[in-house]
Amino acid sequence: MAMNIKRPNGTEDVIPRDAHKWHTVEKIARETAESYGFGELRFPTFENTELFLRSVGETTDVVQKEMYTVKAKETEFTLRPEGTAGAIRAMLQNGLLNEALPQRIFYIISCFRHERPQAGRLREFHQFGLEMAGSPSPAADAEVISLAKKILDRLELRNIELHINSIGCPACRAKYHDALRAYFEPRKEELCDTCKERLVKNPMRLLDCKSPEDREIAKDAPVILDYLCEECSSHFTKLKKYLDIAGISYIVDPKIVRGLDYYTKTVFEFITTEIGAQGTVCGGGRYDGLIEQLGGQHTPALGFGMGLERLLLVMDKQGCDFLAPKKCDIYFATMGEPALEKAMKLSAQLREYGYFAEFDLMQRGLKAQMKYANKIGAAFTMVLGDNELAEGTAKLKEMESGEETKMSLDNKFETVFEEIYFNKMMNVMDDGNNPPFAFTGEDK
Ligand code: ATP
Ligand code: MG
């Protein structure tokens, strides 16, 4: 019977052939974060629903429309729609904020949002994210933005713009909300239903509406930057100065307000126009009030989330390089039981040294085995049969050149193999190619 259970809408499988793409992004992101002093945090996929209501905000799209809330027995919980809430919860619960500040953590997680699936918009998606807690200084904002930029640069993404804005503190925002209400009120009837509600509860969210009609109405809306208090304004000025010093170019974009309620002061997005409407590959900002809101002491903090599926879409589109997938170093073609046993032993020896060794498990004939070795792209092959076992030697064949080297099958086998393998790699590099264990492009 044919399998007719399919994966749920808006989810994706990653098959081994494509896994190296994910490994590339994860490796670069991880290494870059570590070089800025961030350590990995792991935390649960689901949390108490209240955590998200209190942090992401009751009037946001995420909470109102997109959360996966499940009830198991009598307990209700929610699959995380984003990383910050759970990460801060874990930092508080584990006392990290009582340790030396700033505390810096990163994570690679899956997130869940009930959205209409389309390219770059999934119901289960993945994020690389990080949070830095403790510093109120705009230097911390510059540091976090420069880290995100570094990751995108190391992945060699092109045509990505950094948009920054400041949405102020609750004090400046109160005045701004009044100005927005005054601006939108006369055209209230033309707004979408969600925005009519936003106008009452959280008018700044109007600027984040994706409907073209609402965007048109919002075109000349007052900008938050004109309403910033002294402190928020000088914070933003300093951030721009630090970005200038770091040589990071940016666009001040007062339309960036971000989709979650907890942001204060700096907000930013890295945007590409290359994958259609879903162009934000990274979004983040400062949230100085959130930790207190979740029961901690007042601790200024900030962070970002990078959508990995979107990042990979752009990388594929731009033909970016990925870490080469691991390929078979040596394939033993065997004839007969004693040869199979020898292949098992030699493979085990080589794997001890970190090589990728394979032998026949399908009881194929010699010809079919060689065809298979070709198909999997084995770098070397070695045929083992009764003669080879009797003589204690066999020929190691380098598949690309066809060159053969006679080798003794004794306990020096792996040392000799290592030498030949190393020489081959040196030759490959001399040719201007890269060895199969490094990047397909320039090593980073
Ligand atoms: P958008 O405006 O595109 O809906 P958002 O403001 O809801 O994004 P954030 O909550 O800031 O997104 O999440 C951080 C990043 O995670 C986004 O910039 C994006 O790259 C990615 N992301 C968000 N939602 C999805 C989704 N449904 N599918 C895939 N990636 C997503
Ligand atoms: Mg969204």
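The structure presented is a predicted model; accordingly, all values stated were derived computationally and were not measured. Order of listing sets the numbers, starting from 1, for every ligand and every atom in it.
For the ligand labelled ligand 1, residue Gln278 lies outside the 4.0 Å heavy-atom shell. In this structure, Arg121 is part of the shell of residues with a heavy atom less than 4.0 angstrom from ligand 1. Using a non-hydrogen distance threshold of 4.0 Å, Glu309 does not register as a contact of ligand 1.
A salt bridge links Arg198 with Asp61: at least one charged nitrogen is closer than 4.0 Å to a carboxylate oxygen. By the 4.0 Å N-to-carboxylate-O rule, Lys265 lies too far from Asp141 to be salt-bridged with it. With respect to Asp208 and Arg205, a salt bridge is recorded, a charged nitrogen being found less than 4.0 Å from a carboxylate O. In this structure, Arg113 does not pair ionically with Glu82, as no charged nitrogen and carboxylate oxygen lie closer than 4.0 Å.
Looking at Gly279, Gly120, Gly307, Gly285, it is Gly120 that brings a heavy atom closest to atom 29 (C) of ligand 1.
In this structure, Tyr176 and Tyr227 have tilted ring planes: the angle between them lies in the 30° to 60° band.
Counting only heavy atoms of the protein, atom 2 (O) of ligand 1 lies nearest to Lys210 NZ, 3.0 Å. The nearest heavy-atom contact from the protein to atom 12 (O) of ligand 1 is Arg113 NH1, 3.6 Å. Of the protein's non-hydrogen atoms, Thr280 O, 2.8 Å is the one closest to atom 20 (O) of ligand 1. Considering only non-hydrogen protein atoms, atom 27 (N) of ligand 1 sits nearest to Glu115 OE2, 2.6 Å. When only non-hydrogen protein atoms are considered, atom 16 (O) of ligand 1 lies nearest to Gln127 NE2, 3.2 Å. Given atom 28 (N) of ligand 1, the protein heavy atom at minimum distance is Leu122 N, 2.8 Å. Of all protein heavy atoms, the one closest to atom 30 (N) of ligand 1 is Phe125 CD1, 3.4 Å. Looking from atom 6 (O) of ligand 1 to the surrounding protein, the closest heavy atom is Arg258 NH1, 3.7 Å.
Each of Phe332, Phe380, Tyr353 was evaluated against Phe417; a single residue qualifies, Phe380, per the ring pair (Phe, Tyr, Trp, His ring centres under 6.0 Å) test. Across Arg158, Lys317, Gln318, a single residue satisfies side chain to side chain donor-acceptor pair (under 3.5 Å) together with Glu274, and that is Gln318.
Aromatic pair Tyr331/Tyr372: centroids less than 6.0 angstrom apart.
If you number the atoms of ligand 1 from 1 as listed, the ones under 4.0 Å from a heavy atom of Val281 come out as 20 (O). Within the listing of ligand 1, atoms 14 (C), 15 (C) sit less than 4.0 angstrom from a heavy atom of Gly305.
Asp214 contributes a side-chain N or O that, together with a main-chain N or O of Cys192, makes up a donor-acceptor pair within less than 3.5 Å.
Residue Asn165 comes nearest to Ile256 through the heavy atom pair ND2-O, 2.8 Å, listed as atom of the first residue, atom of the second, then distance.
Neither the backbone nor the side chain of Val62 comes within 4.0 Å of ligand 1, counting heavy atoms alone.
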